[in-house]
Structure formats: structure tokens, C-alpha cells
Amino acid sequence: MSNSAPRRRAAAIAAAYAATCAATGAAVVSAMLGAATPAHAVAPAMPGAGGESDPNNWTQYHRSSNGWRYSPLEQINKDNVKGLKAAWIHQPGDITAGLISTPLVKDGVMYYVAPNNNVFALNAATGQTLWHYQPKLAAIASQSFYATLSRSLTMGHGHIYLGTLDGRFVAIDEKTGKEAWSTQLTDLKTCFGCLFSSSPILAGDVLIGGSTGGDQPQRGKIYAVNARTGERMWTFDTIKDDPKSWPDGTGQVGGGGAWLPGTYDAASDSVFIGTSNAAPDFYGDARKGDNLYTASLLALEPKTGKLKWHRQEIPHDTFDYDAAYEALIVKKDGKDVIVHLNKSGFVFVMDKADGKLENVWPLSQTYNFVKTIDPKTGELIGRKAMPAGQETLLCPYLLGTRSWNPGAYSPKTKLWYTNAMEVCQKVVPAKQETKGMGIASLYLGVDKLEAVAPPDRPAEGRLDARDPLTGKLKWSVNYAIPGLGGVLATGGGLVFNGDPFGYVHAYDADDGKELWKFQTGSGIRAGIISYAVDGKQYIAVPSGWGSLAPGFMASAFPAIKDLTGGAAMVVFALD
């Protein structure tokens, strides 16, 4: 693929943004299917949900329900990682938006989704294609602002589950690649952005997932279907039916949704799932009130959809600070707590049982949307006003202190490894009419929106190793352009991270020293994983620069225009 492709994609994003803002005069926009279970590559796993069970496989989005993204495999370690070599490469053939998904592995078979809902099953030891499935998408899907984006798959009950770009949950037979059932849940003609860029998550016999499109004039929802049959079970409205929260019917176009996979915690029989921002994103006068349940972490009862508790992290969000990111579960004083990064750059530590705050700490170094957040109450102290018609410098910008790519936690070091970035934006909030908007139009409520460097430092990125409960920094590695891939921690004392230039790096989990790197050919935007087949450990790196983020980042990181697109699953192992 030529270097012009990322430029064309960035231009297309900018054009869509420009169309969004036109109503207000916006000026600036930027052959192993029957194989026996492989032998262990490590000592027998310890029981429990601590991330140590089932070490050879990666069968959930985060591998384990605690969100750790930690593999206990230790065949590849600090002493021998320099000997890692490419074992095999698989190319999906569609490079429209790179690769942004996390692969799954079960009993020597890898499953992953490429752009436009292309799903592959591969021999995880050789890369041989076992089957390929792609749903026949409704024509309207190609008109969506989020067209092509496929972030994840889910597996269970002998199926691979997919959320589609035309608003369906689909079950695929994991051995044959044949469609088992398909359930239409949304109508893109009447609900812009109401598609599934992520897969639903499995909670027993229930599949649960939320729609995308929080930046569009729609009413977001979370859906549940029977995982065995596809029969609809319940719908949760992320726009609370309350005139105090959404006066004058503003919730009908209030955005919301839940566009990333949640997690199912079997111990409490709860699904933890975060919601997006309210719309219009920056013009708060169009939606007075606290705007529940946007910018919130929800705990839902999977069989009924009943709300157990919620934590709204940014009430009346006028900054585009979603709460959609992963719910990391760790121990604090003997009890389970959730560590939850908000797009604002603040990390909320809360009791898993009820959402009560234990602490709040900043990952961001340059935030100005508040002076601080009260660690006991969650109150936004010194909140920045966003006057309509006036330019405001807002930090962090709309992609957040970190994009949606997840971090990783190691139970050995008790450190959380996460990408971060310091970028601000110039924004002029403005009233925006929804009448006549097209399916790809965004409901941002702005006259100007431009990513810029912070006032006293360059725009930059880094990989941090921190105590997840306190935020105390152990080590940090800087990046010229922020890392946008999912991080992996392993039992071999390693942390793997990718960068936009195409390098995958292996660091010492204790001190951040780089021990190995490899050029994969295109920037890394997806989740790195590890698994084992027949006693051999592999590291899988989905390579392929893309998604919507590069276009938003371009004004702050001009070098993005020179990055090369692509799509390839690159898998490494020791000789």
C-alpha cells in the first residue's frame, strides 16, 4: 500500500468532520479444528480468576474477566526474548482501516476480525487459513461514519460472536465458519451510528453489547440476546428517562451508547460496561442536566438488564470524555476494586460491589478541564467553562489521555502498563441543528476543533508503568507519536507494546528497559496477545495502521501523514 492511502483516509475523516460542522460554519477540523488440547508451556496453572488459569489460550477480549491482558506463559522471558523471530504472517486482504482487533485463540486455532467484518480462523501454529466468513452487509453500512471498523470477537457455546456494521449480532460456528444465527437489533436508516464496532460479550447464556454513535444525534442503547438462539432478551437505555437528567426531550438525540466490549464478572454475576459521551459533544446548552447514563461505568444484571449501580464520572459531559474503557479488577485491602480510566485522563478506583469511590488519580500531566477531581466524592473541582462562540483551549483532547486501546496488569510486579498522550485542542462550542443531518454527520456542536500541543510542551506519547491504585509511577518510555495498540504483560517478566511506526517493543516489566523490537511493516493499533500450541509460546501482533484516530491526531502530529497503512497478523516465537 502506498503512503498516499493514509492521507486519503485522513482526508476522508476530515471531510466527514467538516460536513458535520457545516451547519455552524466550522472553520478547522482535523488443519487443527479437531486437535487435542496442546500441552502446557508452563507449570500447571493455579486455579481461580487471577489471570493464571488456562494459560495456553486467549478466549476473551482481555484474556481473563478481570481485564488484565496478562499471559502467565513464561517460555519467552527477559533472557531469551532477543531471539524472537517471525513464525508466520497472515494477511486478510482488506486494509481499509488497518487492523484494530484483538485476536482470540482456543486449542490451537486463532480467530480474528479484519476490516468490514471479515472473520478468519487460522491454524495458530502455522497461520494456515481454516475458514473465512464475512456477513452480507446492508448497503447503508458503507455510508456510516464508522464504516469498516471491527474491534473484537467473542467466543462461547461453540460459536464465534460478531457485532456487525449494519446493526446485528451474529453467531458463527467455530469449526465450520458457517452462520448459525443472525439477529437484527438496530436500524441505521433511523438511528445514525447505531451499529456494532465491537462484539457483544458473553455472560453465561446471554450476549450483551452496546451500539456505537455517541457523537451522533441518536439515543444509545445496550442490547442482550440469548447466546444460543439469538432471541432478543432485553434493552438498556443509556439515555435515562428522566426530565431532570434530559429536559425538554433532549435525550432523543443525546448520543450515548457503549461502543467497547464490557466484561462479565462471574463472582458477582455482573456485567461492567462503560458508556460514551453525550451529544452534542461540546455544546452543553443543548442538553441541560447531568445527562445520565452517559460518561458512566454501569454494573448490569446479565439476565434482566437491571442496573445494579452506576458511577457517572463526568456529569453533563461537555468535553467528549467517554467512560467506555476497560474495567480492571485488582485487590485493595483484601477486596475487589475496579480501576477505570476515563478518557479525561483521570483514573477512578471504586468498590466492585457498589461503585463507591476508593481513589481518583490523574494519568494526564496536562489536564485543564478541571483543577482536580475529589478522590472521595468524584466531584469535578474547578470545572472549565465552555462558552458558546468562544475559543477554549481544552486538555486533554477528544481522543483522551489515552485512546480506547487497553493497558495490561501484571500480578508479579503489581503494575499497570498503559499508553498515554499529552495533547490538547482548540474548540469553539456552537449550536448545531440536527434537521437534515446525514448518516455520516457528527453531532459535535462546534464551530472549530483542532488538536494542538499543550501550552508548555510538545504533543507526545508514552508508555507508563504505574501502581493502579495510587497512580505512583515506576517507569515510563516516551514515544514521538503516541502508542495506540493494546499492551500485553507476560509471566516471563515482559511488557509488549506497539507504536505507530510499525515497531513492536518488548520491555523489562520491572524497569522499562527495551530488550527487543521488530518492524512489522505498519503501525500497531490492535491488541497484542500470547498463547501456546504444543508447548510452544507465541506472541501475536496485529499490524495495520488505521481507524479514525490518525485523522483526528494529524494536526498535533504532522508525521502521521507519512505513516504506511496495511493489515497483517504477525506472529513470533523462539526457534
Side-chain angles (χ1 to χ4, degrees), residues 244-245 255 274-297 310-325 339-350 355-402 418 420-430 444-457 459-460 464 466 468-473 556:
K244 293 181 180 179
S245 197
T275 65
S276 77
N277 56 281
D281 299 35
F282 300 99
Y283 185 66
D285 289 346
R287 45 172 177 84
K288 303 288 187 180
D290 56 10
N291 306 143
L292 285 169
Y293 295 102
T294 63
S296 301
L297 181 66
H310 75 276
R311 163 67 55 186
Q312 188 176 43
E313 295 167 346
I314 310 292
H316 186 62
D317 175 21
T318 54
F319 313 115
D320 192 2
Y321 292 161
D322 304 40
Y325 299 168
V339 178
H340 190 250
L341 171 65
N342 183 273
K343 198 196 284 186
S344 66
F346 277 80
V347 176
F348 292 76
V349 183
M350 62 194 90
K356 181 180 178 181
L357 276 182
E358 298 279 337
N359 193 21
V360 181
W361 58 267
L363 175 65
S364 171
Q365 299 172 355
T366 58
Y367 64 89
N368 73 355
F369 77 100
V370 290
K371 291 183 178 179
T372 191
I373 295 181
D374 190 306
K376 294 183 179 180
T377 67
E379 178 187 359
L380 277 58
I381 298 173
R383 178 178 178 137
K384 178 177 282 293
M386 298 282 286
Q390 297 183 29
E391 182 175 292
T392 299
L393 180 68
L394 181 66
C395 309
Y397 73 148
L398 80 168
L399 292 186
T401 296
R402 195 197 76 190
T418 183
M421 51 186 160
E422 303 299 334
V423 192
C424 302
Q425 65 191 2
K426 295 177 181 178
V427 57
V428 178
L444 301 179
V446 294
D447 263 349
K448 178 178 181 178
L449 189 63
E450 179 185 14
V452 298
D456 56 352
R457 61 192 290 180
E460 59 188 357
D464 282 357
R466 293 180 179 266
L469 301 177
T470 66
K472 182 179 179 180
L473 181 67

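Note that the structure is predicted; figures quoted are calculated from it, not measured.
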Item to check | Closest heavy-atom pair and its distance - P468, V347 | outcome: O-CG1, 4.5 Å
Checklist entry - Is there a side-chain contact between L393 and P455 (heavy atoms, below 4.5 Å)? => result yes
Next on the checklist: Has W361 got a side-chain atom pairing as donor or acceptor with V349's backbone, closer than 3.5 angstrom?
Outcome noted: no
Checklist entry - To the nearest 0.5 Å, what is the distance between OH (Y367) and CG (L394)? => result 14.0 Å
Item to check | N368 and C395, any side-chain heavy atoms less than 4.5 Å apart | outcome: yes
Next on the checklist: Name the residue from D317, N277, T401, D322 that meets the side chain to side chain donor-acceptor pair (under 3.5 Å) definition with K343.
Outcome noted: D322
Checklist outcome for this item: Closest non-hydrogen atoms of P387 and T392, given as atom of the first, atom of the second and distance, are CD-OG1, 3.9 Å
Checklist entry - If you round to the nearest 0.5 Å, how far is CD of Q312 from CG of N342? => result 10.5 Å
Item to check | Heavy-atom side-chain contact between S276 and T294 under 4.5 Å | outcome: no
Item to check | Minimum heavy-atom distance between D285 and K288, given as atom pair plus value | outcome: OD1-NZ, 3.2 Å
Checklist entry - For L399 and Y325, which heavy atoms make the closest approach, and how far apart are they? => result O-OH, 3.7 Å
Next on the checklist: So, taking the atom named CE in M350 and the one named CG in L297, what distance separates them when rounded to the nearest 0.5 Å?
Outcome noted: 5.0 Å
Checklist entry - Hey, do the aromatic rings of Y321 and F346 have their centres closer than 6.0 Å? => result no
Next on the checklist: As a quick check of understanding, evaluate side-chain contact (heavy atoms from CB on, under 4.5 Å) for D464 and L473, giving each step before the final call.
Outcome noted: CA-CA 7 Å; D464 282 357; L473 181 67; 3.8 Å; yes
Checklist entry - Is the gap between the ring centers of H340 and F348 under 6.0 Å? => result no
Checklist entry - How far does CZ of F282 sit from CE of M386, to the nearest 0.5 angstrom? => result 6.0 Å
Next on the checklist: Would you say H316 and D290 are linked by a side-chain donor-acceptor pair, where the criterion is simply a distance under 3.5 Å?
Outcome noted: no
Checklist entry - When you measure from the side chain of T275 to the backbone N and O of Y293, does any donor-acceptor pair fall under 3.5 Å? => result yes
Item to check | Minimum heavy-atom distance A459-A556, with the two atoms named | outcome: CB-O, 4.0 Å
Checklist entry - Say you draw a straight line from CG of L363 to CZ of R402; how long is it, rounded to the nearest 0.5 Å? => result 8.0 Å
Item to check | Under 3.5 Å donor-acceptor, R287 side chain and D281 backbone | outcome: yes
Checklist entry - Taking S245 for the side chain and N291 for the main chain, is one N or O donor matched with an acceptor at less than 3.5 Å? => result yes
Checklist outcome for this item: Rounding to 0.5 Å, atoms OG1 (T372) and CZ (R383) come to a distance of 14.5 Å
Item to check | Contact check, side chains of L444 and L449, non-hydrogen atoms, under 4.5 Å | outcome: yes
Item to check | 4.5 Å side-chain heavy-atom contact, F319 and P396 | outcome: no
Item to check | Cationic N near anionic O, under 4.0 Å, D374 to K376 | outcome: no
Would you be so kind as to tabulate the donor-acceptor pairs closer than 3.5 Å made by side chains of residues 420-430, with sequence neighbours excluded?
residue: E422; atom: OE1; partner: Q365; partner atom: N; Å: 3.2
residue: E422; atom: OE1; partner: T366; partner atom: N; Å: 3.2
residue: E422; atom: OE1; partner: T366; partner atom: OG1; Å: 2.6
residue: E422; atom: OE2; partner: Q365; partner atom: N; Å: 3.0
residue: E422; atom: OE2; partner: R462; partner atom: NH1; Å: 2.7
residue: E422; atom: OE2; partner: R462; partner atom: NH2; Å: 3.3
residue: Q425; atom: OE1; partner: L398; partner atom: N; Å: 3.1

Item to check | Residues R311 and S296: side-chain donor-acceptor under 3.5 angstrom | outcome: no
